[in-house]
Amino acid sequence: MAHASGRTRGESGNPIIRLQGVHKVYDAGENAVHALRGIDLDVEAAEYMAIMGPSGSGKSTLMHILGCLDVPTEGEYLLDTTPVSKMSSRELARIRNRKVGFVFQSFNLLPRATTLRNVELPMLYAGIGRGERRERAQEALQRVGLADRARHLPAQLSGGQRQRAAIARALVNSPSILLADEPTGNLDTRTGQELLSIFDELHAQGHTVILVTHDTNVAAHARRVLHIVDGLVEADQTRVVEAEGAVA
């Protein structure tokens, strides 16, 4: 697999993500479904990558493994040099809360909690004190332009504002990876582009961003596009960033 020059490795000198021979099989015997059939993948710190593929290609399974929502049936996964392939559910939850920020198509906000409270939740699970939770949640909302909606319930927000709140929630624990699954799928085109500009800004600030999408317009924001077909990497394309910042 070809890698572009200029990718930044983590402090350890290793990729932030390394998958080696990753397989995922659901069920067994005659009913076995081979969702991933041997994925090798390195992702450097501060990369901006999109994962694309048709329905049933394995891209959602790959996202679940990258986000520590599932583990491989076979193969190795190192997340920021930590081996996670054989972790228990409790260990996965702990590393997921510390190292991965999730943004989902359906927002996944608690309907009876304020925007601020929704953003605080990952820190609550991490055992962070109330004062620090409040301060960091407010800072995260400020980053996504939603500070004036902190006291609103999700039902009082537009779709774009709800997704901004979801991005703020994903950022509060300073994760190694920001993982977004069809983040503009429930938004109109203009609002979707506004949200993608936030991901662009976060990448420019040094975040590792991975978008899972079927939309070529969304994938066009990424510097690297991984195409998954039948559980295998069909193509791995990296676009050159020119001096003025345009993507060739």
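Following chains of ILVMFWY side-chain contacts shorter than 4.5 Å, one can reach F107 starting from F199, so the two form part of one hydrophobic cluster. Linking ILVMFWY residues whenever their side-chain heavy atoms come closer than 4.5 Å, directly or via other members, places L195 and L141 in the same cluster. Connection of I17 to M63 is established within a shared hydrophobic cluster, with ILVMFWY side chains joined at heavy-atom distances below 4.5 Å, either directly or through further cluster members. Residue L69 is grouped with residue V100 when hydrophobic side chains (ILVMFWY) are merged at heavy-atom distances under 4.5 angstrom, including chains of intermediate members. Note: the hydrophobic cluster containing V212 does not contain L171 (ILVMFWY, side chain heavy atoms under 4.5 Å, direct or indirect links).
Put simply, CG on N97 and CG on L121 are 10.0 Å apart, with the number rounded to the nearest 0.5 Å. The structure places CG of L110 at 11.0 Å from CG of L153, a figure rounded to the nearest 0.5 Å. To the nearest 0.5 Å, atoms CG (L109) and CD (Q163) are separated by 8.0 Å. How far CZ of R134 is from CE of M123: 9.5 Å, rounded to the nearest 0.5 Å. The NZ atom of K59 sits 10.0 Å away from atom CD1 of I228, with the distance rounded to the nearest 0.5 Å. A distance of 7.0 Å separates CD of Q193 from CG of N217, quoted to the nearest 0.5 Å.
Residues V84 and T82 form a side-chain contact, since some pair of their non-hydrogen atoms from C-beta on lies under 4.5 Å apart. Side-chain contact between I210 and L178 is absent, with no heavy atoms from C-beta onward closer than 4.5 Å. Contact check for M87 versus R94: no side-chain heavy atoms found under the 4.5 Å cut-off. V71 is not listed as a side-chain neighbour of K86, based on a closest heavy-atom distance of 4.5 Å or more. Side-chain contact between L36 and P72 is absent, with no heavy atoms from C-beta onward closer than 4.5 Å. Side-chain contact between L41 and L226 is present, with at least one heavy-atom pair separated by less than 4.5 Å. Using a 4.5 Å cut-off on side-chain heavy atoms (C-beta onward), R224 and E44 make no contact. Between E194 and L187, the closest side-chain pair of non-hydrogen atoms is not below 4.5 Å.
A pairwise comparison of heavy atoms in A147 and Q142 identifies CB-OE1, 3.3 Å as the closest pair. What you find for P175 and A170 is that their closest heavy atoms are CG-O, 3.3 Å. Scanning both residues, A137 and L116, for their nearest heavy atoms gives CB-CD1, 3.5 Å. Here the closest heavy-atom approach between residue V119 and residue A165 is recorded as CG2-O, 3.7 Å. In terms of heavy-atom proximity, R133 sits nearest to L124 at CD-N, 3.6 Å. Between Y48 and L211, the shortest heavy-atom distance links the atoms CE2-CD1, 3.8 Å.
Using a cutoff of 4.0 Å between basic side-chain nitrogens and carboxylate oxygens, R136 and E139 are not scored as salt-bridged. We find that E47 and R223 are not joined by a salt bridge, their nearest charged nitrogen and carboxylate oxygen being 4.0 Å or further apart.
With hydrogens and angles ignored, the 3.5 Å screen pairs no side-chain donor or acceptor of D27 with any backbone N or O of V33. Under a 3.5 Å cut-off, the side chain of R18 and the backbone N or O of L78 do not form any donor-acceptor pair. Proximity of a side-chain donor or acceptor of D80 to a complementary backbone N or O of I16 within less than 3.5 Å is not detected. Remark: the backbone N or O of A46 is paired with a side-chain donor or acceptor of H203 at under 3.5 angstrom. Checking side-chain atoms of T213 against main-chain N and O of A219 turns up no donor-acceptor pair under 3.5 Å. Although no hydrogens or angles enter the test, the distance criterion places a donor-acceptor pair under 3.5 Å between the side chain of S88 and the main chain of E91. Listed for the K24 side chain is no donor-acceptor partner under 3.5 Å among the backbone atoms of H34. In terms of modelled atom types and a separation under 3.5 Å, the side chain of R239 and the main chain of A222 share a donor-acceptor contact. A distance-only check finds no donor-acceptor pair linking the side chain of T208 to the backbone of A45 [under 3.5 Å].
Within 6.0 Å of atom CG in D188, more than 12 heavy atoms from other residues, nucleotides or ligands are found, so the atom counts as buried in its surroundings.
With R149 as the fixed residue, the side-chain contact (heavy atoms from CB on, under 4.5 Å) test singles out one of R164, Q161, Q156: Q161.
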Mind running side-chain contact (heavy atoms from CB on, under 4.5 Å) on I128 and N173 for me, showing each step along the way?
CA-CA 10 Å; I128 295 171; N173 277 345; 3.9 Å; yes

Taking it one step at a time, do I167 and R143 satisfy side-chain contact (heavy atoms from CB on, under 4.5 Å)?
CA-CA 10 Å; I167 294 172; R143 289 182 71 181; over 6 Å; no

Assess whether side chain to side chain donor-acceptor pair (under 3.5 Å) is satisfied between S106 and N108, documenting all intermediate values.
CA-CA 6 Å; S106 56; N108 287 5; 2.9 Å; yes

Working for side-chain contact (heavy atoms from CB on, under 4.5 Å), residues Y77 and L66:
CA-CA 8 Å; Y77 174 25; L66 293 177; 4.2 Å; yes

Could you walk me through whether E74 and V25 pass the side-chain contact (heavy atoms from CB on, under 4.5 Å) test, one step at a time?
CA-CA 9 Å; E74 178 184 337; V25 182; over 6 Å; no

